[in-house]
K.L.:
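Take this structure, written in C-alpha cells, and hold onto it; I'll ask about it next.
Computed over heavy atoms, backbone and side chain alike; hydrogens, waters and symmetry mates excluded. Proteins come first, then strands; the chains are lettered A, B, ... in the order of their sequence lines, and each starts at number 1.
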2 protein chains.
Amino acid sequence: MSGTNTPLPPFDPICPMSTFPIQIGGKWTAMIVLCLESGPQRFGTLRRHLQPISAKVLTETLSTMQRDGLIRRHLVEDVDGCGVEYALTSLGRTILGLIEHVRQWTREHLNELLRLREIFDSTNQINSAS
Amino acid sequence: MSGTNTPLPPFDPICPMSTFPIQIGGKWTAMIVLCLESGPQRFGTLRRHLQPISAKVLTETLSTMQRDGLIRRHLVEDVDGCGVEYALTSLGRTILGLIEHVRQWTREHLNELLRLREIFDSTNQINSAS
DNA sequence: CTGTATCCCCTACGATACTG
DNA sequence: CAGTATCGTAGGGGATACAG
C-alpha cells in the first residue's frame, strides 16, 4: 500500500569481499550486476537496494560500467516526470558467469580460509596491548 | 653458468587488471599464485619474477597469503647459508581455478570491453583542452 | 528523482635505506 | 639473501550539501 518498498529482496549477503577481497571492477560493480540480473532498475531502486552506498559512488560506478559497455542507460516516462533506468547489456551478462564462479569458490573454500586465518592470528599474538 | 638467471619465464602478461580490475586478494596475489604453480620459489626469485614489486609489498602480500593458508613458508639449506621458500598449499591451489576462469573471461570479452570503452571515450570528448 | 560538487580520510602501494 | 623501518602518495570510497 505504501508503495515505496523496494521491489527486490533486501540483498543477499554475497561473497564477503571484506574478509577476502575478490573484486570485479569497483567495490560495487558485481553487486550492481546482480541487481540488474532480473531486469532493468531505476537509480533510486539500486540506491536503496545497495543501502549504504552514496549517490556519488553509485553514479561513478554506473558511469564506468556504461563506459565499459556493461550496462545501458535510458530515460523512462514516469507519472511525476523524468526517470532513468539501467539495464545489463549482453557483455554485462557475461559478468554473471564470472560472479557465479567466484561465489562457488567462496561457498567451497572461504570458511576454511577464515578458519586458518583465525588459527594463525591466535597463534601469533601480534596485537593485544599497545 | 652465470647461474643467477630467473629459472622462470619473465612473466606472462596475464589479465591486465590495470585496464579492467579483476582482483583476487591484493594487487599481486594472483600473480604470486601463478608463480608458485609449478613449484616452490625463493623470495628473491619471486621478487625478480614480479619485477617492479618492492620488497616491502612482496613481504606483506606473502605474509597475508600465509595467514590465509594460501601458501606455506619454510627454510631451505643453501650453499651460502640460509634461504626461504614459499609453496602453494592445497587451499592455495584452489585459487588457480578461479584465476583460470578470470583469464578465460578476459580472453573472451576484454577486447570488446576495451573497444566499447574507446568508442565511448571518443564519442563523449570529455577531456581535451582544459 | 537523479544526479554534482566538495571535502575528507584511510588504506594500498611504492621508494629508499638499513639490518641479521 | 630475506627481510624491517620510514616516509610519501594517489585514489577509491564515504558524508554532506546543493542543483536541474
K.L.:
As a quick check of understanding, evaluate side chain to side chain contact (heavy atoms under 4.5 Å, CB included) for B/Leu116 and B/Leu113, giving each step before the final call.
P.N.:
CA-CA 5 Å; B/Leu116 294 173; B/Leu113 185 148; 5.9 Å; no
K.L.:
Would you say a side-chain N or O of B/Arg42 is under 4.0 Å from OP1 or OP2 of D/dA2?
P.N.:
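For B/Arg42, the contact criterion (side-chain N or O under 4.0 Å from OP1 or OP2 of D/dA2) is met.
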K.L.:
Please determine, for the side chain of A/Val57, which listed nucleotide (C/dG3, D/dT4, D/dG13) has the closest atom?
P.N.:
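Nearest nucleotide to the side chain: D/dG13.
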K.L.:
Indicate whether OP1 or OP2 belonging to C/dC1 is found under 4.0 Å from a side-chain N or O atom of A/Arg48.
P.N.:
no
K.L.:
For B/Gln41 and D/dA2, what is the distance between atoms CD and C1' respectively, to the nearest whole Å?
P.N.:
15 Å
K.L.:
Given atom NE2 of A/His74 and atom C1' of C/dG3, what is their separation to the nearest angstrom?
P.N.:
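It is 17 Å, rounded to the nearest whole Å.
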K.L.:
Scan residues 26-47 of chain A for pairs that pass ring pair (Phe, Tyr, Trp, His ring centres under 6.0 Å), counting only residues two or more places apart or in two chains.
P.N.:
none
K.L.:
Determine all donor-acceptor pairs shorter than 3.5 Å in which one atom belongs to a side chain in residues 60-71 of chain B; sequence neighbours excluded.
P.N.:
| residue | atom | partner | partner atom | Å |
| --- | --- | --- | --- | --- |
| B/Thr61 | OG1 | B/Val57 | O | 2.8 |
| B/Thr64 | OG1 | B/Glu60 | O | 3.0 |
| B/Arg67 | NE | A/Asp121 | OD1 | 2.9 |
| B/Arg67 | NE | A/Asp121 | OD2 | 3.4 |
| B/Arg67 | NH2 | A/Asp121 | OD2 | 2.7 |
| B/Asp68 | OD1 | A/Arg117 | NE | 2.6 |
| B/Asp68 | OD1 | A/Arg117 | NH2 | 3.2 |
| B/Asp68 | OD2 | A/Arg117 | NH2 | 3.2 |

K.L.:
Round to the nearest Å and state the distance from A/Ile71 atom CD1 to C/dT2 atom C1'.
P.N.:
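Atom CD1 in A/Ile71 sits about 14 Å away from atom C1' in C/dT2.
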K.L.:
With a 4.0 Å cutoff (strictly under), does any side-chain N or O of A/Gln23 reach OP1 or OP2 of D/dG13?
P.N.:
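Indeed, a polar side-chain atom of A/Gln23 lies that close.
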K.L.:
Mind calculating the distance between CG (A/Leu58) and P (D/dG12) to the nearest angstrom?
P.N.:
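For the pair A/Leu58 CG and D/dG12 P, the rounded distance is 16 Å.
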K.L.:
In whole Å, I'd like the distance from the CG atom of B/Leu75 to the C1' atom of D/dA2.
P.N.:
11 Å
K.L.:
Once you round it to whole Å, what is the distance between C1' of C/dC1 and OH of A/Tyr86?
P.N.:
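Going from OH in A/Tyr86 over to C1' in C/dC1 covers 11 Å.
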K.L.:
In this structure, how many angstroms lie between the P atom of D/dG3 and the CZ atom of B/Phe43, rounded?
P.N.:
6 Å
K.L.:
Between A/Glu37 and A/Leu96, is the side chain to side chain contact (heavy atoms under 4.5 Å, CB included) condition met? List the steps.
P.N.:
CA-CA 8 Å; A/Glu37 178 171 12; A/Leu96 285 167; 3.8 Å; yes
K.L.:
Please state how far atom CD in A/Glu60 lies from atom C1' in C/dT2, giving the value in whole angstrom units.
P.N.:
15 Å
K.L.:
Taking only N and O in the side chain of A/Lys56, is any of them less than 4.0 Å away from OP1 or OP2 of C/dC7?
P.N.:
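Result: no.
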K.L.:
A/Thr59 side chain: which of C/dG3, D/dG3, C/dG14 is closest?
P.N.:
C/dG3
K.L.:
For a quick check of understanding: with a heavy-atom distance under 4.0 Å over all strands, which category does B/Arg47 fall into, base, sugar-phosphate or nothing?
P.N.:
nothing
K.L.:
Counting only side-chain heavy atoms from C-beta out, which of C/dT2, C/dT4, D/dG3 sits nearest to A/Val84?
P.N.:
C/dT2
K.L.:
Does the side chain to side chain contact (heavy atoms under 4.5 Å, CB included) test come out yes or no for A/Glu118 and A/Arg115, once each step is laid out?
P.N.:
CA-CA 5 Å; A/Glu118 271 197 27; A/Arg115 216 192 72 240; 5.9 Å; no
